[in-house]
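In what follows, a single structure is set out as structure tokens and then discussed.
Every chain is numbered from 1, with letters handed out A, B, ... down the list of sequences. Heavy-atom basis, side chains included; hydrogens, waters and symmetry copies ignored.
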Amino acid sequence: MRFSQLYAPTLREDPADAEIPSQALLQRAGFVRKIAAGVYTYLPLARRSLLKIENIVREEMNKIGGQEILMPIIQPAELWQKSGRWDDYGPEMMKLKDRHNRDFTLGPTHEELVTELVKNELTSYKQLPVTLYQIASKYRDEIRPRFGVLRAREFIMKDAYSFHDSWESLDKVYLKFKDAYSKIMERVGLRYTVIEASSGAIGGSESHEFVAFAKTGESNVLYCECGYAGSDERVPYKGEYKVYDEEEKAIELVYTPNVRTVEQVAEFLNVETRRIVKSLIFKGRKGFVMALVPGDRELNFEKLKAYLGDQSLQMALPEEILEEFGVPIGFLGPVNLKNVRIIADYGVKYLKNFVVGGMKEDYHYINVNHGRDFEIKEYTDLIVVQKGEPCPVCGKPLKSEKGIELGHIFKLGTKYSETMGVKYMDKDGKLKPFIMGCYGWGISRTLGAVVEQLHDENGIIWPISVAPFEVIVTVVGKQLEKEFSEKLYDFLIKNNIDVIIDDREVSPGVKFKDADLIGFPIRITVGKLYKNGQVELKDRTGKKKIVKADLNEILASLNEMKDEYLK
RNA sequence: CUGGGCGUAGUUCAGAUGGCUAGAACGCCAGAAUCGGGAUCUGGAGGUCGUGGGUUCAAGUCCCACCGCCCAGACCA
């Protein structure tokens, strides 16, 4: 490729809307252009990197027996109504109508389509297991697209689905995916971790997330030197619970005008925050639920959802609460609360003489004790674990780091095969629903994650494996330098080096700045040293070598440099 | 969806209290000189000021509506 022909419009300044480095750099370096909120065009440089990422993923999928297919983006509503997700998935789905007024969606995922696909063709246990996958665009009408390519409304994803006649068979394939996903992370050149994850709306049992570390990531990972890692949405609390061993005092309703938050109440009543029990109201499939958490802890919404087994659970709106309970949210409490299921964190169990909302505007109860003033029947772990608290496996203090979720694997079980009535004939002559697994990998998100993890103040630092080009030959000089550069360029191409030559008629400064910004791993400069019979090799991390201007010697040094790069 | 902000050249921005024949820098085009860190000089092109309506002698500027974008919240690869 010749830079003079390349469509890579670089920008001198960061675009106004960029929030995080990858978003700014991918736009500045001429990789992507935004067309609408969360919708991007991938320019040639990005397309090349994406294809490399896709190929790595494709190779790893094929190695574990995946078979590539390509399913339509447009999907009829009926399939989604059958699985019940037309409404469940709700506003996240991009919906449209055809000229006959029939409903369609731009697929946010493809479980419905694959199950429908195999419905008639995959009918016998003899054909199992089968793993199908595709690499395709997905659509999710995110409430708030953000962070450029990391949270887009249109994005490229690899999604795979496996079909089994036993849990053992699923376990085997699941492990293969786990392995393959780790290999993908390594080949792409990312620092990452694998965490146990709650399976969210997709349903099913076991689930792991593959998270690339990045300061700007949206997932919070807690990990331990013993190897344990988990999402802060799921890590169980294994710390101590402070036990209050004291006399129960008489409950009292006190006037607390305009104090609503835990901090305000603590200050007003001169009580430690731990003793103020937060009462939070949620609305789920079975009506209202109240969760109680010690005032110094944060409620873990995912844990509550998992405990209740209700993914539709939502925080009740202040208006709903006012209407239902006649109290503004700051003054909710479990005392005198009727017909609402109460679930408390273990921490509440050991509290004595605590404070709760008075169920009356501007009032709180003090010296409240459960068992006496109200009943708690259900205790569970409901808090968000903080860094420094004990690891659930070995007890050492947990560390925390942010990350970007790139891969997610699930054991789905029979959730879709049952609701959609997709069955195979087993050995014993009985029809049984498939046991399924599903496995996602964000391709376009990987592009963003690499940039997020590997960049400096001058631009992107691509790993060799996913760089748009591995090597750039930068020509700085006149006729002689140009001639040698062209010879070198042809020679490298003949030797299968993924090379681009910067043959533009611009000043050297522009060439160097662009090369750093785009982030080619290795730059070969044919310039002022050439009159001494030398060229300069420099990798994007700053390592430099002066080499004799001899084609074979350059190639040898180049290969050496590639091997050393980013190690 | 809720709350806040913004919308002027390809890009980043400036245009108090209405007076605009709308600016700058960078980029772009033509030319000169130059060639190791977005360097210099000369000349030039480029705008329905987001859209529609209103107030006014006069609207980029004030009012209303709509659209789009950005930021803070609930979701996810």
Quick check: on RNA chain B, is the nucleotide nearest A/V149 upstream (toward 5') of the one nearest A/G477, or the reverse? Name the residue that is more 5'. A/G477
Nearest-nucleotide 5' precedence on RNA chain B, A/F210 against A/P508: A/P508
Looking only at atom [atom1], what distance separates [N] and [M], rounded to whole Å?
{"N": "B/rG23", "M": "B/rG60", "atom1": "C1'", "answer": "12 Å"}
{"N": "B/rG46", "M": "B/rA24", "atom1": "P", "answer": "14 Å"}
{"N": "B/rC13", "M": "B/rC6", "atom1": "P", "answer": "14 Å"}
{"N": "B/rU51", "M": "B/rG43", "atom1": "P", "answer": "33 Å"}
{"N": "B/rG47", "M": "B/rU11", "atom1": "P", "answer": "13 Å"}
{"N": "B/rA33", "M": "B/rU42", "atom1": "C1'", "answer": "11 Å"}
{"N": "B/rC63", "M": "B/rC26", "atom1": "C1'", "answer": "36 Å"}
{"N": "B/rC1", "M": "B/rG44", "atom1": "P", "answer": "49 Å"}

One thing to verify: whether [Y] and [X] come together as a salt bridge, which I'm taking to mean a side-chain N less than 4.0 angstrom from a carboxylate O.
{"X": "A/E112", "Y": "A/R85", "answer": "yes"}
{"X": "A/R47", "Y": "A/E54", "answer": "yes"}
{"X": "A/R523", "Y": "A/D539", "answer": "no"}
{"X": "A/K303", "Y": "A/D381", "answer": "yes"}

Under a 3.5 Å cut-off for both contacts, is [N] paired Watson-Crick or G-U wobble with anything, and if yes, with which nucleotide?
{"N": "B/rU21", "answer": "none"}
{"N": "B/rG3", "answer": "B/rC71"}
{"N": "B/rC66", "answer": "B/rG50"}
{"N": "B/rA16", "answer": "none"}
{"N": "B/rA30", "answer": "B/rU42"}

Of the listed nucleotides ([options]), which one gets closest to any side-chain atom of [X]?
{"X": "A/R153", "options": "B/rC75, B/rC76, B/rC69", "result": "B/rC69"}
{"X": "A/A37", "options": "B/rC69, B/rG73, B/rA77", "result": "B/rC69"}
{"X": "A/R144", "options": "B/rG37, B/rC69, B/rA72", "result": "B/rA72"}
{"X": "A/I143", "options": "B/rC35, B/rA74, B/rU12", "result": "B/rA74"}
{"X": "A/K538", "options": "B/rG36, B/rC35, B/rG37", "result": "B/rG37"}
{"X": "A/F410", "options": "B/rA77, B/rC35, B/rC69", "result": "B/rA77"}
{"X": "A/K478", "options": "B/rC76, B/rA74, B/rC35", "result": "B/rC35"}
{"X": "A/F301", "options": "B/rG37, B/rU11, B/rA74", "result": "B/rA74"}
{"X": "A/D17", "options": "B/rC13, B/rC75, B/rC70", "result": "B/rC70"}

Answer with base, sugar-phosphate or nothing: what part of the nucleic acid does [X] contact at a heavy-atom distance below 4.0 Å?
{"X": "A/D14", "answer": "sugar-phosphate"}
{"X": "A/T474", "answer": "nothing"}
{"X": "A/A152", "answer": "base"}
{"X": "A/P108", "answer": "nothing"}
{"X": "A/E92", "answer": "sugar-phosphate"}
{"X": "A/R146", "answer": "sugar-phosphate"}
{"X": "A/L406", "answer": "sugar-phosphate"}
{"X": "A/I156", "answer": "nothing"}

[X] side-chain N/O to [N] phosphate OP1/OP2 under 4.0 Å:
{"X": "A/R523", "N": "B/rG37", "answer": "no"}
{"X": "A/K305", "N": "B/rC75", "answer": "yes"}
{"X": "A/K34", "N": "B/rC70", "answer": "yes"}

Only pairs under 3.5 Å count here: list side-chain donor-acceptor contacts from residues 26-40 of chain A, not counting sequence neighbours, and write none if there are none.
residue: A/R28; atom: NE; partner: A/L11; partner atom: O; Å: 3.1
residue: A/R33; atom: NH1; partner: A/Q27; partner atom: O; Å: 2.7
residue: A/R33; atom: NH2; partner: A/P9; partner atom: O; Å: 2.7
residue: A/K34; atom: NZ; partner: A/D17; partner atom: OD2; Å: 2.8

Atom pair distance, as rounded to whole Å: [atom1] in [X] and [atom2] in [N]:
{"X": "A/Y192", "N": "B/rA77", "atom1": "OH", "atom2": "C1'", "value": "17 Å"}
{"X": "A/F512", "N": "B/rC35", "atom1": "CZ", "atom2": "P", "value": "14 Å"}
{"X": "A/Y139", "N": "B/rA77", "atom1": "OH", "atom2": "P", "value": "17 Å"}
{"X": "A/F147", "N": "B/rA77", "atom1": "CZ", "atom2": "P", "value": "17 Å"}

Conformer about C1'-N of B/rC20 - syn within 90° of 0, anti elsewhere: syn
How many angstroms lie between atom NZ of A/K176 and atom CD of A/E60, to the nearest 0.5 angstrom? 13.0 Å
Is there a donor-acceptor contact under 3.5 Å from the side chain of A/D345 to the main chain of A/L382? yes
Other residues, nucleotides and ligands only: do more than 12 of their heavy atoms fall within 6.0 Å of NZ on A/K402? no
Pair of N/O donor and acceptor under 3.5 Å linking B/rC75 base with A/R151 side chain: yes
